[in-house]
Novice: 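Once you've had a glance at the structure underneath, I'll fire off some questions.
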There are 2 protein chains.
Amino acid sequence: MDGTRWLDEREMRAWRGFLAASALVNRHLDQQLKDDSGLSHPQYEILVRLAAAPDGELRMTELANGLINSKSGLTYQVTQMEKAGLVRRRSCPSDVRGVFAVLTDAGRARLEAAAPGHVTAVREVLVDVLTPAQLDALADGLGEVSRRLREQGG
Amino acid sequence: MDGTRWLDEREMRAWRGFLAASALVNRHLDQQLKDDSGLSHPQYEILVRLAAAPDGELRMTELANGLINSKSGLTYQVTQMEKAGLVRRRSCPSDVRGVFAVLTDAGRARLEAAAPGHVTAVREVLVDVLTPAQLDALADGLGEVSRRLREQGG
DNA sequence: CACGAGTTGTTCGAATTTGAATCAATGGTT
DNA sequence: AACCATTGATTCAAATTCGAACAACTCGTG
């Protein structure tokens with residue numbers, strides 16, 4: 001007995017497209033960032049999130065949530081970035097266990113230097129390839145997909 | 001002077017959605033596969049591609065193309081899978097350098113055992129979350145994105 | 001105040017990934 | 001036949017990833 005609902009052709013095309021694009025786009029952008037700014041994609045994302053946060057700082061846990069990395073992976077990356085002078089650690093006054101990752105001036109400068117090339121690459125491989133309707137479908141559909149996975153996992 | 005065309009809100013939502021979904025879906029499915037069948041996502045993909053190929057075999061290079069892994073990563077995975085009895089290597093008669101990865105009976109059985117749970121998970125987190133229109137947008141849009149990255153890189 | 005459950009971030013070991021270097025073999029050209 | 005640029009796959013060291021175990025701490029409850 002096999003009650004599995006297999007994917008029909010439309011579904012399979014969507015799934016394969018998503019899977020392939022996911023791998024290829026990530027790969028391409030990681031390469032572009034490394035060549036262009038010496039940052040890995042995860043590191044770039046950390047800088048972006050910090051830059052968007054008030055005072056350019058976030059708790060390690062907040063940074064780990066909704067990010068590619070696991071907790072330990074984040075510890076590793078922040079350590080690397082601290083060595084490179086892009087962020088520094090600050091312990092939380094109200095909770096001794098807590099640690100803030102703080103964007104340094106050098107980190108902000110590095111992000112601003114990297115951003116134009118990165119955005120251009122994102123346009124090239126994804127955004128400018130899609131129609132407005134497809135952009136909306138991605139935003140709505142994949143936004144919902146992410147939302148569900150986030151709250152299920154959290 | 002800054003001629004960068006930054007992303008507007010619609011574009012940013014699409015990009016963020018894609019990025020987050022890409023990471024979260026991959027992560028979730030890798031976890032599901034490991035728990036359920038002891039296969040990593042890359043390994044599962046290798047089995048799928050081999051199963052779809054004539055005689056269940058492909059050259060290493062063919063297998064590496066359009067796959068997540070680099071060449072050396074593929075060598076590693078195939079070695080692991082060979083140890084596990086899921087594939088075997090066969091040298092190419094017409095080109096001594098060439099190597100085929102061949103799906104074994106055990107490999108095919110393992111794939112068939114893993115597939116229902118995997119497809120169900122793919123539905124749960126992605127396919128059944130999207131509307132038919134969104135599925136088509138993913139298939140068309142991301143299909144085109146992948147196609148371009150493939151031929152650009154190859 | 002003492003206790004215990006839950007949280008926070010790090011450390012640890014193992015597995016995986018990558019790019020560069022390597023080795024061997026092919027094919028075309030002279 | 002000799003040469004040389006390419007190709008196919010592996011090996012190697014280094015970087016990165018993950019989960020599990022850990023240590024330190026907070027908070028609510030008794």
Side-chain angles (χ1 to χ4, degrees), chain A residues 22-24 26-35 38-46 50 57-84 86-102 153-154, chain B residues 22-24 26-36 38-46 57-84 86-102 153-154:
Chain A
S22 164
L24 293 171
N26 256 301
R27 193 179 195 64
H28 181 83
L29 291 180
D30 197 64
Q31 194 59 51
Q32 180 271 324
L33 276 170
K34 261 177 208 153
D35 292 348
L39 292 169
S40 67
H41 199 191
Q43 289 178 341
Y44 182 87
E45 280 301 312
I46 290 175
L50 286 179
E57 64 180 17
L58 281 174
R59 287 285 288 273
M60 293 297 277
T61 296
E62 291 180 274
L63 207 42
N65 286 349
L67 200 58
I68 297 159
N69 296 40
S70 63
K71 253 187 319 172
S72 55
L74 180 66
T75 294
Y76 174 79
Q77 282 298 350
V78 168
T79 302
Q80 296 306 107
M81 295 170 74
E82 200 171 20
K83 284 179 193 165
L86 304 178
V87 303
R88 62 186 176 80
R89 283 182 161 90
R90 183 171 79 80
S91 58
C92 174
S94 64
D95 185 340
V96 187
R97 297 167 303 175
V99 174
F100 284 100
V102 190
Chain B
S22 164
L24 293 171
N26 256 300
R27 194 181 194 63
H28 181 83
L29 291 181
D30 197 64
Q31 194 59 51
Q32 180 272 324
L33 275 170
K34 260 177 208 152
D35 292 347
D36 208 49
L39 291 169
S40 66
H41 199 189
Q43 289 178 341
Y44 182 87
E45 279 301 311
I46 290 174
E57 64 179 19
L58 281 175
R59 289 285 287 271
M60 294 297 277
T61 296
E62 291 180 275
L63 207 42
N65 287 349
L67 199 58
I68 297 159
N69 296 39
S70 64
K71 252 187 318 172
S72 56
L74 180 66
T75 294
Y76 174 79
Q77 281 298 351
V78 168
T79 302
Q80 297 306 107
M81 295 170 74
E82 200 171 21
K83 282 180 194 164
L86 305 177
V87 303
R88 63 185 176 80
R89 283 182 162 91
R90 184 172 78 81
S91 58
C92 174
S94 64
D95 185 341
V96 187
R97 295 167 305 176
V99 174
F100 283 100
V102 190

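Within every chain, numbering begins at 1; the chains are lettered A, B, ... in the order of the sequence lines, protein sequences first and strands thereafter. Everything numeric in this text was worked out from a predicted model, so none of it was measured. As a basis for the values below, the full set of heavy atoms in this structure was taken, side chains included, without hydrogen atoms, waters or symmetry mates.
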Novice: How many whole angstroms separate atom CD of B/Q43 from atom P of C/dA15?
Specialist: 12 Å

Novice: Can you see which heavy atom on A/N26 is nearest to which on B/S22, and at what distance?
Specialist: ND2-OG, 3.2 Å

Novice: Expressed as a whole number of angstroms, how long is the span from A/N65:CG to C/dT7:P?
Specialist: 12 Å

Novice: Could you state the atom-to-atom distance from CG of A/L33 to C1' of C/dT18 in whole Å?
Specialist: 16 Å

Novice: Of the non-hydrogen atoms in A/A101 and A/L50, which two are nearest, and what is the gap between them?
Specialist: O-CD2, 3.4 Å

Novice: Between C/dG9, C/dA15, C/dT18, which one does the side chain of A/T75 approach most closely?
Specialist: C/dG9

Novice: Can you name the side chain to side chain contact (heavy atoms under 4.5 Å, CB included) partners of B/Q31, sequence neighbours left out?
Specialist: B/D35

Novice: Where the side chain of B/S72 is concerned, which of C/dT10, C/dT11, C/dT18 is the nearest nucleotide?
Specialist: C/dT18

Novice: State, to 0.1 Å, how close B/Q43 and B/G38 come at their nearest heavy-atom pair, and which atoms those are.
Specialist: OE1-O, 4.3 Å

Novice: Expressed in angstrom and rounded to an integer, what is the separation of B/Y76 atom OH from C/dG19 atom P?
Specialist: 17 Å

Novice: Quick one: B/R97 CZ to C/dC23 C1', roughly how many Å, whole number?
Specialist: 12 Å

Novice: Within a strict 4.5 Å, meaning less than it, do heavy atoms of the B/P42 and B/D30 side chains meet?
Specialist: yes

Novice: Looking only at non-hydrogen atoms, find the nearest pair between A/R59 and A/G98 and report the distance.
Specialist: NH2-CA, 3.5 Å

Novice: Taking all non-hydrogen atoms of both residues, which atom of B/R90 and which atom of B/V102 are closest, and how far apart?
Specialist: CB-CG2, 3.9 Å

Novice: Looking only at non-hydrogen atoms, find the nearest pair between A/L74 and A/M60 and report the distance.
Specialist: CD2-O, 3.1 Å

Novice: So what does B/G98 touch, heavy atoms closer than 4.0 Å: a base, only the sugar-phosphate, or nothing?
Specialist: sugar-phosphate

Novice: Can you measure B/N26 atom CG to C/dT17 atom C1' for me and round it to whole angstrom units?
Specialist: 14 Å

Novice: Using a heavy-atom distance cut-off of less than 4.0 Å, which residues of residues 86-94 of chain A contact DNA chain D?
Specialist: none

Novice: Measuring only between side-chain heavy atoms, which start at C-beta, is B/L39 closer than 4.5 Å to B/L86?
Specialist: yes

Novice: For DNA chain D, whose closest nucleotide is more 5', that of A/V96 or that of A/G73?
Specialist: A/G73

Novice: Can you tell me the distance, in whole Å, between the CG atom of A/L63 and the C1' atom of C/dT10?
Specialist: 15 Å

Novice: Return the value, rounded to whole Å, for the distance between atom CG of B/L74 and atom P of C/dT18.
Specialist: 10 Å

Novice: Closest-nucleotide mapping onto DNA chain C: is A/R27 or A/T79 further toward the 5' terminus? I mean the 5' end.
Specialist: A/T79

Novice: For A/D95 and A/K34, find the nucleotide of DNA chain C closest to each by heavy atoms; which residue's nucleotide sits nearer the 5' end?
Specialist: A/D95

Novice: Is the phosphate of C/dT18, meaning OP1 or OP2, less than 4.0 Å from a side-chain N or O of A/Q31?
Specialist: no

Novice: For A/E82, which of A/R88, A/R89, A/Q77 qualifies under side-chain hydrogen bond (donor to acceptor under 3.5 Å, both in side chains)?
Specialist: A/R89

Novice: Nucleotide range of DNA chain D contacted by chain B, 5' to 3', under 4.0 Å to a heavy atom?
Specialist: D/dT7 to D/dG19

